[in-house]
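The structure presented is a predicted model; accordingly, all values stated were derived computationally and were not measured.
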Amino acid sequence: MVCSTPLVENSNSMHGGQQPQKHYGITSSISMAFPREVDHQYTHKLSEAMKPFGVFEDEDELNHRLAVLGKLNTFVKEWIAEISETKNLPPSAITNVGGKIFTFGSYRLGVHTKGADIDALCVSPRHVERTDFFDSFFAKLKLHEEIKDLRVRQKKINSQDNICIIDLLFARLALQSIPDNLDLRGDSHLRNLDIRCIRSLNGCRVTDEILYLVPNKENFRLTLRAIKLWAKRRGIYSNMLGFLGGVSWAMLVARTCQLYPNAVAATLVHKFFLVFSKWEWPNPVLLKQPEDSNLNLPVWDPRVNPSDRYHLMPIITPAYPQQNSTYNVSTSTRTIMSEEFKYGLSVTDDILQGKTDWSKLFQPPNFFLKYKHYIVLTASASTEENQLEWIGLVESKIRVLVGNLERNEYITLAHVNPTSFPGNKESCSENEFVSMWFIGIIFKKVENAESVNIDLTYDIQSFTDTVYRQANNINMLKDGMKIEATHVKKKQLHQYLPSIVELNRNSNGGASKRASLDGSQLDSSRDTDSGTPFNSPNSVCKPSRPAASDTDDRWVLLT
């Protein structure tokens, strides 16, 4: 694996000819400069500019989260002791058997926002089975009145106590007991574990490694809060849809901190855009040199794995087994993010020159004025419960549609807006529950042709077949679940968007009033397509209006 730092500026020693200081990461630092007073002032202004967006948690909510996690940790210890007794462990062993709750993700990194979920991991000794976790521990939690909602979902327990939502994973280690001071960073903990436990441990191990590898945790945290807010506001925060998720943004910020180890947040935000607007993708971003722990687990390595050579924007997790956290990135999403990095650099240049303030960095783009052509993707179901399931599956496959469109010889870029919108009441004649996504399209200019007929029938049908096949494989597909795709020109968007969205050409970037534009997007998804194709229901795809030909159900666009 190779990684090149795209800037030539270099200063890994102190002024006055002193000895070089320790460098962080796989290269020397770009600059060891310490902050000036003005840098601290800009950092204070950055922090104040983020407060209206609710990115900081107040002390009461923080204390409530700590109390809930403490109770959960106690429940885990009690439960493991009870399970140990049923499995005839001696009393002396039961006394010391332990068990522990670990956190990971944004909460563990210290960058969680108000009301955000907590990602947590229950770690048990070797004699506790996964089935015990989903049976007896689930039953134990149901007995507690303070837990208002509890359900098993996608191998997770979702426990809600007042405003504190916890997504809980499970892993059993090959240990007789789990001490309170257990550190999961050691690779030896992965020995003799099944792949599900290794995956469950991965979140904690990656998060802890990131924190270990940054020079200054507080500067890292404030910078990451700013970058995550910026990414959400600019519509590029969604691993599921081919952008970047939380852990990927954290690793990019961590790498910036390594390159500028003494800088404060305002400087680091600016340097973040400087570094990654010039990064020579697909050179990978690495926080440390990968190590082989001789456990024969699959790791990201393009020298060995041919499929890894096709990853467009690799950001490699620092804990063994190293993985690429951005395998979902497509040509279009990389292009969009690269442009956003350049835009961020331009804005922060102006901020640090006193030409504008930090609020400009967090202005959302006007997605609905950016393109001449859009595809409106509609997912509908007859009940609210069915719709929640259906839109989750459809959204997890939208990147398949983007990939299909990218491979069309007449399409230059397909840009999906991560925010979904409710359907108009007028369009809900059969199904009451409707969600819509919008994909902006740029077509290639064809020389010496005033208009070109572009047939998207195969691209759309292939996508819908994928979704229906997956729904059929997991027994999700129910009567009333439908997907439709419609070509819409920019001037027709008002017919589809809800009234809460403004299409103001003079709005200087802020088209949507939807609070969901500021919210977190899903960070992960798994493709499990398999089996034979399932025939799609009729009327899967609406022909474009106007279209070159509406005599059949072919997707033909006139550009």
Check: Where the side chain of Q323 meets the backbone of T317, is there a donor-acceptor pair that is under 3.5 Å apart?
Finding: no

Notebook entry, point to check: If every non-hydrogen atom of W79 is compared with every non-hydrogen atom of S136, which pair is closest and at what distance?
Noted result: NE1-OG, 2.8 Å

Next item on the list: Considering only NZ, NE, NH1 and NH2 on the basic side and carboxylate oxygens on the acidic side, decide whether R172 and D132 come within less than 4.0 Å.
Entry: no

Check: Quick one: are Y320 and L297 in side-chain contact, heavy atoms under 4.5 Å?
Finding: yes

Margin query: I'd like to know if the side chain of S332 reaches the main chain of A414, judged simply by a donor and an acceptor atom lying under 3.5 Å from each other, with no hydrogens or angles considered.
Written below: yes

Notebook entry, point to check: Between E395 and S420, do the side chains contain an N or O donor and an N or O acceptor separated by less than 3.5 Å?
Noted result: no

Checklist line | D135 side, atom CG; R130 side, atom CZ - distance, nearest 0.5 Å | finding: 12.5 Å

Notebook entry, point to check: Backbone N or O of A319 within a donor-acceptor pair of the R185 side chain at under 3.5 Å?
Noted result: no

Next item on the list: Would you tell me whether D455 and T457 have side-chain atoms, one donor and one acceptor, within less than 3.5 Å of each other?
Entry: yes

Notebook entry, point to check: Would you say V206 and P318 make side-chain contact, with heavy atoms under 4.5 Å?
Noted result: yes

Item checked: Side chains of W281 and F276 in contact at under 4.5 Å (non-hydrogen atoms) -> yes

Item checked: Partners meeting ring pair (Phe, Tyr, Trp, His ring centres under 6.0 Å) with W390 (sequence neighbours left out) -> Y468

Next item on the list: Side-chain contact test, heavy atoms from C-beta onward, threshold under 4.5 Å: evaluate it for I83 versus F137 and give yes or no.
Entry: no

Check: Between K87 (side chain) and H127 (backbone), is there a donor-acceptor pair under 3.5 Å?
Finding: yes

Notebook entry, point to check: Checking T207 side chain against R108 main chain: does a donor-acceptor pair fall under 3.5 Å?
Noted result: no

Margin query: If the threshold is 4.0 Å, N to carboxylate O, is there a salt bridge linking E209 and R205?
Written below: no

Checklist line | Step-by-step side chain to side chain contact (heavy atoms under 4.5 Å, CB included) determination, V304 to V299 | finding: CA-CA 9 Å; V304 176; V299 298; over 6 Å; no

Next item on the list: Not counting sequence neighbours, which residues clear ring pair (Phe, Tyr, Trp, His ring centres under 6.0 Å) with Y107? List them please.
Entry: H112

Next item on the list: Hey, could you give me the CD/OG1 distance between Q495 and T486, rounded to the nearest 0.5 Å?
Entry: 11.0 Å

Next item on the list: Locate the shortest heavy-atom distance separating Q492 from V488; write the atom from each residue and the value.
Entry: CB-CG1, 3.5 Å

Next item on the list: Report the residue from V68, D119, T103 that forms a side chain to side chain contact (heavy atoms under 4.5 Å, CB included) with I166.
Entry: V68

Margin query: Applying ring pair (Phe, Tyr, Trp, His ring centres under 6.0 Å), can you list everything that pairs with H415, at least two apart in sequence or on another chain?
Written below: F367, Y371

Next item on the list: Might you confirm whether atom CD of E78 has over 12 heavy atoms from other residues, nucleotides or ligands at distances under 6.0 Å?
Entry: yes

Next item on the list: Kindly give the heavy-atom pair with the smallest separation between S200 and A171, and that separation in Å.
Entry: CB-CB, 4.1 Å

Note to self: Between K478 and T383, does the side chain to side chain contact (heavy atoms under 4.5 Å, CB included) criterion hold? Intermediate values first, please.
What the structure shows: CA-CA 10 Å; K478 299 177 179 66; T383 70; over 6 Å; no

Margin query: Rounded to the nearest 0.5 Å, what separates atom CG in L287 from atom CD1 in I210?
Written below: 6.5 Å

Check: Quick one: does E339's side chain get under 4.5 Å of R234's, heavy atoms only?
Finding: no

Next item on the list: Can you see which heavy atom on S84 is nearest to which on V97, and at what distance?
Entry: OG-CG2, 3.7 Å

Checklist line | P284 and I315, any side-chain heavy atoms less than 4.5 Å apart | finding: no

Next item on the list: Run the numbers on I336 and L413 for side chain to side chain contact (heavy atoms under 4.5 Å, CB included), then give the verdict.
Entry: CA-CA 9 Å; I336 294 159; L413 183 136; 4.2 Å; yes

Next item on the list: Starting at CG of N328, measure out to CG of N239 and round the result to the nearest 0.5 Å.
Entry: 4.5 Å

Next item on the list: Check whether any side-chain heavy atom of V76 lies under 4.5 Å from a side-chain heavy atom of K100, and answer yes or no.
Entry: no

Item checked: Close side-chain approach of P365 and K370, heavy atoms under 4.5 Å -> no

Item checked: Flag for H311-T326: side-chain donor and acceptor within less than 3.5 Å -> no

Next item on the list: Under the side chain to side chain contact (heavy atoms under 4.5 Å, CB included) rule, what do L377 and V416 come out as? Steps first, then yes or no, please.
Entry: CA-CA 10 Å; L377 181 65; V416 58; over 6 Å; no

Notebook entry, point to check: Within the distance-only criterion (no hydrogens, no angle test), does the side chain of K77 pair as donor or acceptor with the backbone N or O of G99 below 3.5 angstrom?
Noted result: yes

Note to self: D459 and side chain to side chain contact (heavy atoms under 4.5 Å, CB included): which single residue from V402, N408, I375, I454 fits?
What the structure shows: N408

Check: Ignoring hydrogens and geometry, is there a side-chain-to-backbone donor-acceptor pair from S106 to V111 under 3.5 Å?
Finding: no

Check: Has N192 got more than 12 heavy atoms of other residues, nucleotides or ligands less than 6.0 Å from its CG?
Finding: no

Item checked: Heavy-atom pair of closest approach, residues P314 and P282 -> CG-O, 3.2 Å

Note to self: Rounded to the nearest 0.5 Å, what separates atom OG in S380 from atom CD in Q387?
What the structure shows: 6.5 Å

Margin query: Please verify the inter-ring angle class for F133 with F170; under 30° counts as parallel, over 60° as perpendicular, anything in between as tilted.
Written below: parallel

Notebook entry, point to check: Atom CG in D187, atom CG in L201: separation rounded to 0.5 Å?
Noted result: 11.0 Å

Notebook entry, point to check: For S325 and M251, which heavy atoms make the closest approach, and how far apart are they?
Noted result: OG-CE, 3.3 Å

Note to self: Using a 3.5 Å distance criterion without hydrogens, assess whether the side chain of N305 forms a donor-acceptor pair with backbone atoms of S307.
What the structure shows: no

Note to self: Donor-acceptor check, side chain of E484 to backbone of T378, threshold 3.5 angstrom: yes or no?
What the structure shows: no

Margin query: Main chain of M313, side chain of R334: is a donor-acceptor contact present, judged purely on distance under 3.5 Å?
Written below: no

